[in-house]
Structures are given as C-alpha cells and as structure tokens.
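What follows is a short report on a single structure.
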Protein chains: 2
Amino acid sequence: MAGRPRDEGARQVILRRAADLASQDGLEGLSIGRLAAELGVSKSGLFGYFGSKEELQLATIRTAMSVYVAEVIEPALSVPPGLERVRRLCESWLSYSQRRVFPGGCFFFAVTAEFDARSGRVRDAVAAAGLDWIRFVTRTVEDARQLGELAGDTDADQLAFELISFMENANVVSLLHDDPGAYERARTAIRNHLSTYT
Amino acid sequence: MAGRPRDEGARQVILRRAADLASQDGLEGLSIGRLAAELGVSKSGLFGYFGSKEELQLATIRTAMSVYVAEVIEPALSVPPGLERVRRLCESWLSYSQRRVFPGGCFFFAVTAEFDARSGRVRDAVAAAGLDWIRFVTRTVEDARQLGELAGDTDADQLAFELISFMENANVVSLLHDDPGAYERARTAIRNHLSTYT
DNA sequence: CCTACCGATCGGTAGG
DNA sequence: CCTACCGATCGGTAGG
C-alpha cells in the first residue's frame, strides 16, 4: 500500500498525466523517469507513490476508467433507458474520442491493442474494463428492445458488437489518417444500422 | 544499403520472426538483442543486416505486407470481381486473423494502434499500408456495385468502412477475451449487412 | 559475423 | 521526497 496516505490530489494529477502519455505511447512506453521529468519531480519521489511500474500501470487504468465513466457513461445515463439512450451513448463515445480527451484517442483502444496478446495483471485489468464496456452497451441495447423501441428479435450481443465496431474504427481511422470524416462515417453507420433494427 | 547483398533467405527468416514478435509486443517492444537471442545469432551480426532499429522496423512492415497479400488479398483475387469477391475478401481476412498467421493476431492492427498517435517514418509506413487496405476493400465493393450485385446507390467508402469495422473488432475481441465467438459475430454482421445493400 | 565495448536509460533501492 | 546509486538492457560502434 505504498503511498496511499500521500497527497491524493497530487496522485491524481500524476495519474491523469500518465493516462495522457499512455494513450499515445502505451503503458509500457510510459517510463517512470520520463513521467517524473515532465511533472518536475524526482524519479524516486514519483516512484514512492506507486511502489512498482506495474502498480503505476494499474492505477493509471483506474484513473482512465473514471474519466471514461464521466465522459461516456454518465452522459448516456442522463437520458432515460431506450433507443434515445443508445444513440446518446454512441454519440458520447464518438465525442470523447473526437475531442481527444486523451491526446492519443481512446485510452482503452490503445492499451487493449498493446496488451491483448500478453498476460499478467495489467492485461487482466484491461480485459475486465473491456468486458464492463461491452456489457454496458449490451444492457443499454437490451433495455431499448424490452421497451419496444428496437425489434423484438434484436440480438443485443450482436448489435452491441456492431455498434462498438463502428466506434472503434472511427477512432483509429481518424488518428492514423488524420481524417475527421471517419466520425461522420461512423455516425452514418450507426444511424442506418439502428434503423434496420426498428 | 547495409546488408543488402547478404543472404536474402536468412534475412527473410529474421524478418518473419520479427513480424511474429511485433504482432505480440509491438514494433518498439521488438528489441534487437532479444530477436538475436531467439534466432541464436549475435546482436551485432543481426544489426548488420539492417543498420538501425528503424530500418529493421520498416523491413518488418514490408515482410508483414507480403504475408498479408498472400493470405488475404490473393485469395480474394482468385474469385472474379463482384459480390462473391467481397465475401471472399472478408472471409480471407477473418481466417487470417483467426488462424493466428501472426501469433498476436493481425500484425497491422497491432502496429496501427501502437503508432497512430506518433510521427516518423514507421508511422508513415503503417499509415500507407492502412490506406492501401482501405482502398482495396473500397475498390472491391465498388466493382460489385458497378456489376449490379450491390444496390446502385451503395456508398463504397461507407460500406468498406463498415466491413473493416466488423473485421477489426472481431480480431481484438477474440484476442482480449479469448472468445472465438467474435468471429461468428463478425460473419453474421457482414452477411446481414451485405444483404441490406443488395 | 564475432567479442567487447560505448553512453543512455530502464526499473528499482539505499540512505538520509 | 531528495541525491546517488545498483544491475540490466537498450541502440549502436570499434576492431578484427
């Protein structure tokens, strides 16, 4: 539990910066020395907050999750369950990616691709976060179906997979090809796609 | 042009191995020392083939492209242009990912996520390969439309974006959650999706 | 294509 | 929370 009684505000500033860096260079590319230098503190001082690089990585993921909840989940929950919440959830995600809340685009896209073929606690934490997200989208779709706002035979798992596909591809295309039109392509895909399920 | 007159067969063995490692740990995670140790040669001996880490990374991308052409593009080109070629292209891609031609799943998915927020020659090479792929899918779709096998008002860019979305999401979900069902979800999505365009 | 090395940086620790 | 350090590893080079 190294560092837990320390200044919690400073800790969150460190972790928010770590998440920004990791969205661009990955959680392995995030080095304690570079992070310390950017924050103007000593390497061992920063190290003391976490105790190991792996703990820093895990704490960074938790901080990124709280940003994700505030930017993507909460805006969707401000709308009542149903098709409008599904639309709002997709739009919140695209806006979160497009506004570059993390400078490297979606934090979880970056670290998922980095750790999807590895093993260990960091990979497990990334996988758990990914599963939470899939389940939340699926539940949001299933609510809309049960309310009669999507066709009764809608396969919620299938539709959630398809919506997530469009969103993540917009993120990567916009980053790699510096093409903001990818977001409009995703919005068109989502709009047309939802209309085939109604 | 360091190393070009050397044994070309040995060079390709090195690069194929490098592509396997990079699909799991990334092109930055690929270290010359580790690669040399795995191949049982000295670090400086291996280094002499490439002259710099960046040249090794660029050569690895070119080798991965030739694998991709053989595994994904050529099977599609063995079918005449039209809707059947579109279907074959998607199936070749899903098979390439699912058979783990590269142990970390699609090589280009891994290195795209790694370099999409960076700059430099490696990023540019990854982006150029990605653009080639998008254009090939778009052209394959457009051929089918012009042959009257997709609706006349089909937007080839849009449909290519949607098909690629499904394929890439299957790759990452299957890796992160060890869920081969992701490929069936992508196949269902592609089948249903193509039928809405006909 | 090898051994042996360079300076830089890595994660992590000792001591204060 | 600092300075100063540890051994390991990085990309790259000298010399043969």
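In the text below, chain A, chain B and the rest are named by the order of the sequence lines, each starting its count at 1. Quick note: numbers below take in every heavy atom, side chains included, and nothing from hydrogens, waters or symmetry partners.
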So which of residues 18-32 of chain B are in contact with DNA chain D, with a heavy-atom cut-off of under 4.0 Å?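 Contacts with DNA chain D under 4.0 Å: B:L30, B:S31, B:I32.
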What salt bridge (charged side-chain N to carboxylate O under 4.0 Å, His left out) pairs are there with at least one residue in residues 72-84 of chain B, not counting sequence neighbours?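 Listed once each, the pairs are B:E84-B:R87.
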By the salt bridge (charged side-chain N to carboxylate O under 4.0 Å, His left out) test, which pairs, at least two apart or in different chains, include something from residues 33-44 of chain B?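 Qualifying pairs, neighbours excluded: B:R17-B:E38, B:D25-B:R34.
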I'd like to check the side-chain hydrogen bond (donor to acceptor under 3.5 Å, both in side chains) partners of [X]; sequence neighbours left out, ordered by chain and number.
X      : result
A:N171 : A:S97
A:R85  : none
A:Q24  : none

For nucleotides 2-4 of chain D, give me every protein contact, N/O to N/O, under 3.5 Å, one pair per line with atom names.
{"residue": "D:dC2", "atom": "OP2", "partner": "A:S42", "partner atom": "N", "Å": "3.0"}
{"residue": "D:dC2", "atom": "OP2", "partner": "A:S42", "partner atom": "OG", "Å": "2.2"}
{"residue": "D:dC2", "atom": "O5'", "partner": "A:S42", "partner atom": "OG", "Å": "3.3"}
{"residue": "D:dC2", "atom": "N4", "partner": "A:S44", "partner atom": "OG", "Å": "3.3"}
{"residue": "D:dT3", "atom": "O4", "partner": "A:S44", "partner atom": "OG", "Å": "2.7"}

Pair A:Y68 + A:F107: ring centers closer than 6.0 Å: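 Aromatic pair excluded; centres sit 6.0 Å or further apart.
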For [X], check salt bridge (Lys or Arg N to Asp or Glu O under 4.0 Å) against everything at least two apart and list the hits.
X      : result
B:R88  : none
B:E28  : B:K53, B:R118
B:R139 : B:D143

Check: A:E168 side chain, B:N169 main-chain N or O, donor-acceptor pair, under 3.5 Å: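 Checking the backbone N and O of B:N169 against the side chain of A:E168, no donor-acceptor pair under 3.5 Å is found.
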Euclidean distance, atom [atom1] of residue [X] to atom [atom2] of [N] [Å, nearest integer]:
X     : N      : atom1 : atom2 : result
A:E54 : C:dC10 : CD    : P     : 19 Å
A:Y49 : C:dG12 : OH    : P     : 18 Å
A:E55 : C:dG12 : CD    : P     : 10 Å
A:F50 : C:dG11 : CZ    : P     : 13 Å

Side chain of B:S52 (C-beta onward), nearest among D:dG12, C:dG11, D:dC1: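 Nucleotide nearest to B:S52's side chain: D:dG12.
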Contact list for residues 144-175 of chain A, test ring pair (Phe, Tyr, Trp, His ring centres under 6.0 Å), sequence neighbours left out: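 For residues 144-175 of chain A, and leaving out neighbouring residues, the ring pair (Phe, Tyr, Trp, His ring centres under 6.0 Å) pairs sorted by first residue read A:F166-A:H193, A:F166-B:F166.
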Convert the base pairs of DNA chain D into dot-bracket notation, remembering that pairs crossing earlier ones are written with [ ] and that bases paired across to another strand are shown as |; include only Watson-Crick or G-U pairs under 3.5 Å. ||||||||||||||||
